[in-house]
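Only one structure is covered here, and it is reproduced in the block below.
Labels below follow one simple rule: chain letters A, B, ... track the order of the sequence lines, proteins then strands, and each chain is numbered from 1. Computed from a prediction, not measured in an experiment: that's the story for all the values here.
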2 protein chains.
Amino acid sequence: MPEPGSPQRRRLDRDRVLAEALALADADGLDAVSMRALAARLEVVPMALYKHVADKEDLIGGMVDAVIAGYARPAATGTWRERVRERALIARAAHLAHPWLREAIQSRRRRSAAVLGHMDAVAGEFIAGGFSVDLTHHVMHALGNRVWGFSPEAFDGGDDVGQPDGDPAALLRMMSERFPHVTAIALDASARNPSGSCDEQFEFEFTLDLLLDAFERLRAAGWESSG
Amino acid sequence: MPEPGSPQRRRLDRDRVLAEALALADADGLDAVSMRALAARLEVVPMALYKHVADKEDLIGGMVDAVIAGYARPAATGTWRERVRERALIARAAHLAHPWLREAIQSRRRRSAAVLGHMDAVAGEFIAGGFSVDLTHHVMHALGNRVWGFSPEAFDGGDDVGQPDGDPAALLRMMSERFPHVTAIALDASARNPSGSCDEQFEFEFTLDLLLDAFERLRAAGWESSG
DNA sequence: CCGCAAAGGTGTACGCTGTACGCCTTTGCG
DNA sequence: CGCAAAGGCGTACAGCGTACACCTTTGCGG
């Protein structure tokens, strides 16, 4: 019987659960985010969380999406290079602010809408900057983990953007509306390589050679760091 | 009372434990490697494992070291570029053969002797190819995760090569004997930046700009993949 | 050959995890 | 006002890593 003036405990909702999980992970690391510990912080019994979160994987996924969705928007000015660079630094800042992010992202199996949205935005910068869809595909792989906070190849399991129900045509239509650039890349890639959309060995060697070439140029130029 | 002819169970040793853990992880993934499941495969009680392995972290670490120590030696011929390239492909092959390796490596906090040995070998290729110690440092960071199967920055906790007892001078001597190149890099870096040996922000932007420059060259050249 | 210390294997037990299931309480809407 | 839906609770279970005490086997010095 809570007194009239007493602050009757607010009901839980998904956002409150995720926000508290974020705070807990920031403070004590991802391992400290157990259903019991999180419930205790919300002054609730552990099983209450399951009314707002399907299971622990969904909780972690929600945390990741919350961070990605909160990425700052870069200024819509400058060259593709400046804009991609800024997006990379924004992603890096998120990783500095949330050290658990790397581990959380790598524990996921499917691309969420938030992840696809970020990928689509970066792909859009390249394409608007004059990159072909094909080249955009490969440079996105090359950026990979280092720049995203997540590596495209960590998501071989496919996408997860809502309804898993039939009608592939409708799904495709929805995808090209919400994520036009990544959809274009996927279509282009599967046209070139019908067996599967990505040839991982090719991507690996593509990036490796890009880097080795760049190293050779620096070596030949007598590059050094402290000026 | 085992009969004379019956194959009296062989005693456990660390190598047998690690080998069985490898097999289990290859077959069913890293999550399937629990102390209990591993013990069952070895027809032994779970606690018996602790006579050969300090704890689970030590077990996983031992598995990683076993794989890295088994990296094939590249042919000692060709340019630095060919040799580094081959080492990268060897590391990638290990990851294809052991899909759990990425997760296992990223759960570690300290560099083992096996990891340091691999890093030292790659650093040695650059230095022998005419790279300065300084430049070698930065290109090693740039290769990072993508090419190693592990990212240097995943090991901010320092090294773990045996005795943690005093006498830093003796430790330094031992390090430069066993891992001359990484030691040279660490000394060079701390001379340039006394506060800490790596400026992560610098390394991040270094690699990012290397990649962005490379992308721009490909774009300007009208690069495309299928020839 | 004996004996004894060291090394190896066993059994039990504890605290922690995620979560299935059933019950009760609160909420919001027709 | 009444009732279905949503939210929160309590109990319970299987699995985890591992501390601790105990017994058994091994190998070596006398």
Side-chain angles (χ1 to χ4, degrees), chain A residues 1-22 24-25 27-64 100 103-104 106-110, chain B residues 1-22 24-25 27-64 100 103-104 106-110:
Chain A
M1 189 210 281
E3 308 172 25
S6 87
Q8 171 128 350
R9 220 163 68 254
R10 241 169 57 237
R11 287 187 101 175
L12 236 42
D13 59 33
R14 192 170 220 265
D15 286 346
R16 226 155 70 79
V17 170
L18 292 180
E20 200 68 35
L22 267 271
L24 181 51
D28 299 335
L30 196 59
D31 286 351
V33 182
S34 72
M35 300 304 270
R36 287 171 159 87
L38 179 55
R41 282 178 67 124
L42 291 160
E43 295 178 297
V44 123
V45 96
M47 287 311 293
L49 300 176
Y50 286 85
K51 288 276 154 65
H52 306 279
V53 139
D55 52 23
K56 181 140 190 198
E57 190 178 327
D58 182 39
L59 172 69
I60 304 289
M63 293 167 64
V64 171
W100 48 269
E103 182 182 346
Q106 289 181 342
S107 75
R108 302 185 86 182
R109 281 186 207 77
R110 322 191 125 259
Chain B
M1 189 211 278
E3 307 172 26
S6 86
Q8 172 128 354
R9 221 165 67 254
R10 240 167 63 238
R11 289 186 99 175
L12 237 44
D13 59 34
R14 189 172 224 266
D15 286 346
R16 226 155 71 78
V17 171
L18 292 180
E20 200 68 36
L22 267 270
L24 181 53
D28 300 332
L30 197 58
D31 286 351
V33 182
S34 73
M35 300 304 270
R36 286 170 157 89
L38 180 55
R41 281 178 69 122
L42 292 161
E43 294 178 295
V44 122
V45 96
M47 287 309 294
L49 300 176
Y50 287 85
K51 287 277 154 64
H52 305 281
V53 139
D55 53 23
K56 181 142 189 195
E57 191 177 325
D58 182 38
L59 171 70
I60 304 290
M63 293 167 64
V64 172
W100 48 268
E103 182 183 345
Q106 289 181 342
S107 75
R108 302 186 85 182
R109 281 185 206 77
R110 322 190 126 259

TODO: Test for a donor-acceptor pair under 3.5 Å between the base of D:dG15 and the side chain of B:R36, counting only N and O atoms.
DONE: no

- [ ] Would you kindly check whether a donor in the side chain of B:K56 faces an acceptor in the base of D:dG17, or vice versa, at under 3.5 angstrom?
- [x] no

- [ ] Look only at the side chain of B:R108 and the backbone of B:V64, and say whether a donor-acceptor pair between them is shorter than 3.5 Å.
- [x] no

Open item on the list: Would the distance check show the side chain of B:R16 and the main-chain N or O of B:R10 forming a donor-acceptor pair, the cut-off being under 3.5 Å?
Closed with: yes

[X] has an atom [atom1]; how far is it from atom [atom2] of [N], in whole Å?
X	N	atom1	atom2	value
B:M47	C:dG8	CE	C1'	12 Å
A:R10	D:dG8	CZ	C1'	16 Å
A:L42	D:dG8	CG	P	10 Å
B:R11	D:dT24	CZ	P	15 Å
A:D15	D:dG7	CG	P	13 Å
A:L38	C:dT19	CG	P	13 Å
B:D31	C:dG18	CG	C1'	13 Å
B:E57	D:dC16	CD	C1'	16 Å

- [ ] Quick one: pull up CH2 in B:W100 and CG in B:L24 and give me the separation to the nearest 0.5 Å.
- [x] 10.5 Å

Task: 5' priority, DNA chain D, between B:K51 and B:M35 [closest heavy atom] - done: B:M35

Task: Watson-Crick or G-U pairs under 3.5 Å in DNA chain C, rendered as dot-bracket with [ ] for crossing pairs and | for another strand - done: ||||||||||||||||||||||||||||||

Open item on the list: When you compare the side chain of B:M63 with that of B:I60, does any pair of heavy atoms fall below 4.5 Å?
Closed with: yes

Task: Atom of B:A32, atom of B:A37 and distance for their closest heavy-atom approach - done: O-CB, 3.6 Å

Open item on the list: Is B:H52 close enough to C:dG9 that one of its side-chain N or O atoms is under 4.0 Å from OP1 or OP2 there?
Closed with: yes

For residues 47-56 of chain B, tabulate all N or O donor-acceptor pairs below 3.5 Å that involve a side-chain atom, not counting sequence neighbours.
| residue | atom | partner | partner atom | Å |
| --- | --- | --- | --- | --- |
| B:D55 | OD1 | B:E57 | N | 3.2 |
| B:D55 | OD1 | B:D58 | N | 2.9 |
| B:K56 | NZ | B:V33 | O | 2.7 |

Open item on the list: Once salt bridge (charged side-chain N to carboxylate O under 4.0 Å, His left out) is applied, do any residues pair with B:R41, and if so which ones, sequence neighbours excluded?
Closed with: B:E20

Task: Shortest side-chain distance from A:V44, nucleotide among D:dC9, C:dT17, D:dG17 - done: D:dC9

